[in-house]
Amino acid sequence: MNGPLSRRNFLRTGLATFCATLIGTHAEKTAARDFEGYHQSKGVLVDLTRCIGCRSCEAACNKEQGLPPPETGFDDPSVFQLDEHGQPRRPDDRAYTVVNRYETEFADHPLFRKIQCNHCLEPACLTACFVNAYTKTPEGAVIYDADVCVGCRTCMIACPFSIPAFKYSSAFEPRIMKCIFCYDTRLVNGLPPACVEACPTEALTFGERETLLRIGRKRIRERPNRYVDHVYGEHEAGGTAWLYLSGVPHDEVGFDMDVPKQPIITYVKDFLAIVPMVLTIWPALFAGFHLLASREQKTIETNHASQEDSHESTGQ
Amino acid sequence: MKALVNEAPGLPIDRSRKDHASSWNVREKLLLGLSVRDYLAQMMRNPVNWVLAAILLLGIPLLGQRYLFGLATVTHGSQDYPWGLLLGFGLFGMVPLSASGFLLSTAVEIFHRKDFLPIERLALLNGLLGYFFAVIYLLVDLGMPWRLTYPMVVSFGPAAVLFLVAWHVATYLSVQIAEMVPAFAEWVGWPAAKRWIKSIALGLTIAGIILSTLHQGALGALFCYAPAKIHPLWMSPEFLWLHFFCSSIFAGLCMVIIVSTLLKHFMAWRCDDRFLDNLDRITIGLAKGSAYAMITYLVIKLVAIAHDQEWQYLITGWGFYYLLELGIGVVLPMVMFARGVRNHNVAILRFGALIAVLGIIWNRLNTVLVAYNWRHYQELPTWQETWIVFTVLAFYFIIYRFILYRLPVVFAWKQP
């Protein structure tokens, strides 16, 4: 591209850059700024002070979702022991929900906590997925489409609660495994998920999220000695469909209090915002650099040539 | 190879015509003008090939095991560490080392630094192969590798950072293939293809800058999805993409220094005088550029700590480890570069480049494996996963060498 920048060249280069830009502009549309979740979407209020660790919910979930049988029975207390990494159990490709036991100085008896997908209002897994395999339904469930999933596992990185699990054991039909709020079998019909129905102590309450928040605050207000004044999930990760009341500080029973209060996508928006800037400014900037550099080059060459000419005419 | 080349007339092949009467045919070009027996003999004589064979002998069955029986049979199959060594090294490590292509084409095409011309094609090839093999690593690690094209044709998640990475890496691979077309066109003798690419070279280069800025940064931004999982010193929602982008600049330049050093020592028969005579001067130029990128990187790292008020972490064990990574991986090579450039000591520059490249890989592994889940536990990769990483790296080496032997990358294709 040493020659003079002809109109033809300019158009051609410009077109090439424009095409590259077009390909790039499939990028990044951020979610609506003030999305606060679907109205009348459903949720579950978990009252940990009522949980007795019977694991009926685990058994019900296993049956409802057709998951593989557990390694030991649902009455085996040895599952409460920590694993070789010192970690309690987590939902994985064989169990969508697990109950863990916690010993804490705040209570004279062991406490239990059920874990499953919290069905965020603005789910990190959904916003991180590059093939749109996740959907937040108006009913409140975060569901997953195994037919488009590529298996990149970014959702597992993104989930602040470390819920999605991958079926690594399968070579030909691997997939993400996670709680779907019993969406297709129950939630679409307005029914509570299997775990809620199975709970013998009414530790789990199914209903509209707004209503559940009111019930939760009411319980805290009426019995301030029984509850910590915090509904986990009201604001965590931008709000979740599953909400938790606890009698001891939530971090004592395994809740991650470092989970940000904003939706996870907030942390990525800074980068997403620079994408269109780079796409639009870089072509002009670097084409400009090129013009400046080649102009300077030309000036040097011209000067050089004219100097040589003046010193001595070299002929042909 | 060196001996063979010196014996036979007309070798190594560096022009289309064999002699006045005939041209080299494709078979001769592929066999480097040797007979099949000579070619195999030189292969067997090379001890490097035996090391490669040993790696592949175990590595290929391991790859087969991964595809037939699942990822869990070769990796931890960890739910807590969804990205392991395969991506930590293969994607997050290989991509910054491959920034060389856009950097050198920017220097030459945009800024008219014709003094870097002898190394431009090597940088482009290094970039192309690095990206290509990052995709290979991805194909090993993805759960459903046969769906690699889904984000392009089947289902779109345009708000995801990985969507941008996928599109940009795919587009940039095409750009880099186009940028390598001139070398290939000379080799097979299609001058028209070369002329056409030359006419759009500026557009390709600018597209390369855009795509590189964005996806090098996007690889960092991917971790912003896990703000609470990664240790705060390695996590900065505002600046992480800049850290990744800025460090890719010196990573790419240092990788070119390393590859060119290897060529000078082990493949001098293939390099022409224009390459060999200019290499020391070019190395000094590359090191100077790296040093500028390094100081910029260090300052942005500092800005991130100041911005997030993370000074107190620096006096913890994690802080010590963080400073160790920066000290050995960036500050040390930067000082070596400063001294080497001042004293024209090219050996120290080459050694510094090696440290810097290892430092970048260390940084990416720290982000993916060490600082990730820092409040819980760390996991060492399985030996099978590690072996697969080296297996793919062996393929990378073989293809890299195959191309350098043949295409006019470090030598000029002569007119007949």
Side-chain angles (χ1 to χ4, degrees), chain A residues 1 9 12-13 16-17 20-21 23-24 26-31 85-87 90 92 124 127-133 148-154 156-158 160 162 165-166 168-171 174 256 258-260 264 267-268 270-272 275 278-279 282-283 286-287 289-290 293-294 297, chain B residues 67-72 75 77 79-80 82-83 106 109-112 142-144 147-148 150-151 154-164 166-168 171 175 199-207 209-211 213-214 217-218 221-229 237-238 241 376-377:
Chain A
M1 308 256 23
N9 258 347
R12 195 185 286 164
T13 331
T17 319
T21 316
I23 293 163
H26 281 282
E28 316 346 309
K29 189 180 69 190
T30 49
H85 298 299
Q87 304 295 312
R90 55 162 285 172
D92 58 22
T127 45
C129 181
F130 73 154
V131 287
N132 223 3
V148 297
C149 177
V150 182
C152 71
R153 312 195 286 283
T154 312
M156 297 167 69
I157 297 278
S162 299
F166 195 69
Y168 290 101
S169 53
S170 170
D256 185 356
D258 289 344
V259 167
I264 294 298
Y267 290 85
V268 189
D270 282 323
F271 172 71
L272 294 182
V275 172
V278 170
L279 285 173
W282 262 213
F286 284 92
F289 284 147
H290 170 73
S294 50
Q297 192 89 3
Chain B
Y67 282 108
L68 292 176
F69 304 107
L71 269 173
T75 70
Q79 308 296 357
D80 294 320
W83 293 344
T106 304
E109 305 292 338
I110 305 282
F111 293 105
H112 279 276
L142 280 180
M144 301 77 140
R147 292 184 182 169
L148 184 71
Y150 270 33
V154 174
S155 184
F156 305 119
V161 171
L162 201 64
F163 186 78
L164 180 141
W167 271 91
H168 285 196
T171 320
V175 168
S199 68
I200 58 168
L202 181 62
L204 286 175
T205 304
I206 293 181
I209 306 173
I210 297 171
L211 296 167
T213 312
L214 287 177
L222 269 181
F223 291 99
C224 297
Y225 281 118
K229 290 184 186 173
E238 287 85 3
W241 72 271
H376 301 300
Y377 67 100

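Quick note: numbers below take in every heavy atom, side chains included, and nothing from hydrogens, waters or symmetry partners. Convention: sequence-line order gives letters A, B, ...; per-chain numbering from 1.
- Interface remark: of the candidates A/A165, A/S162, A/P260, A/A165 forms the most heavy-atom pairs closer than 4.5 Å to chain B.
- Between the side chain of B/K229 and the backbone N or O of A/P160 there is no donor-acceptor pair closer than 3.5 Å.
- The two atoms that bring A/A293 and B/I110 nearest to each other are CB-O, 3.5 Å, heavy atoms only.
- When B/G70, B/A72, B/S155 are compared by the number of non-hydrogen pairs under 4.5 Å with chain A, B/S155 comes out ahead.
- Within the 6.0 Å centre-distance limit, the rings of B/F111 and A/F289 are counted as a close aromatic pair.
- Nearest approach of A/V131 to A/V148, heavy atoms of both residues: CG2-O, 3.4 Å.
- Contacts of B/A166 with chain A are made by side-chain atoms alone, with heavy-atom separations under 4.5 Å and no backbone atom involved.
- Scanning for salt bridge (Lys or Arg N to Asp or Glu O under 4.0 Å) contacts around A/R90 gives B/D80, with sequence neighbours left out.
- Comparing B/A221, B/C224, B/G217 by heavy-atom pairs within less than 4.5 Å of chain A, the highest count is held by B/C224.
- In this structure, the portions of A/A287 lying under 4.5 Å from any heavy atom of chain B include both its backbone and its side chain.
- In this structure, the portions of A/C152 lying under 4.5 Å from any heavy atom of chain B include both its backbone and its side chain.
- Contact of B/P151 with chain A is made through backbone and side chain together, with heavy-atom distances under 4.5 Å.
- For A/N132, the parts lying near chain B are the backbone and the side chain together; criterion is any non-hydrogen pair under 4.5 Å.
- Of all the listed residues (B/P237, B/G77, B/G143, B/P82), the one sharing the greatest number of non-hydrogen pairs under 4.5 Å with chain A is B/P82.
- At a 4.5 Å heavy-atom cutoff, the contact between A/T154 and chain B is made by backbone and side-chain atoms alike.
- Interface check for chain A: of the options B/L148, B/T106, B/T213, B/V154, the most heavy-atom pairs under 4.5 Å are formed by B/T213.
- Qualifying ring pair (Phe, Tyr, Trp, His ring centres under 6.0 Å) partners for B/Y67, counting only residues two or more places apart in sequence or in other chains: none.
- Side-chain rings of B/F223 and B/W83 approach one another, their centers coming within less than 6.0 Å.
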**Message:** Quick one, A/H290 with B/H112, criterion side chain to side chain contact (heavy atoms under 4.5 Å, CB included). Give me CA distance, side-chain angles, the key distance, then yes/no.
**Reply:** CA-CA 8 Å; A/H290 170 73; B/H112 279 276; 3.5 Å; yes
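- Interface summary for chain A: among B/A226, B/A228, B/P227, the most heavy-atom pairs under 4.5 angstrom belong to B/P227.
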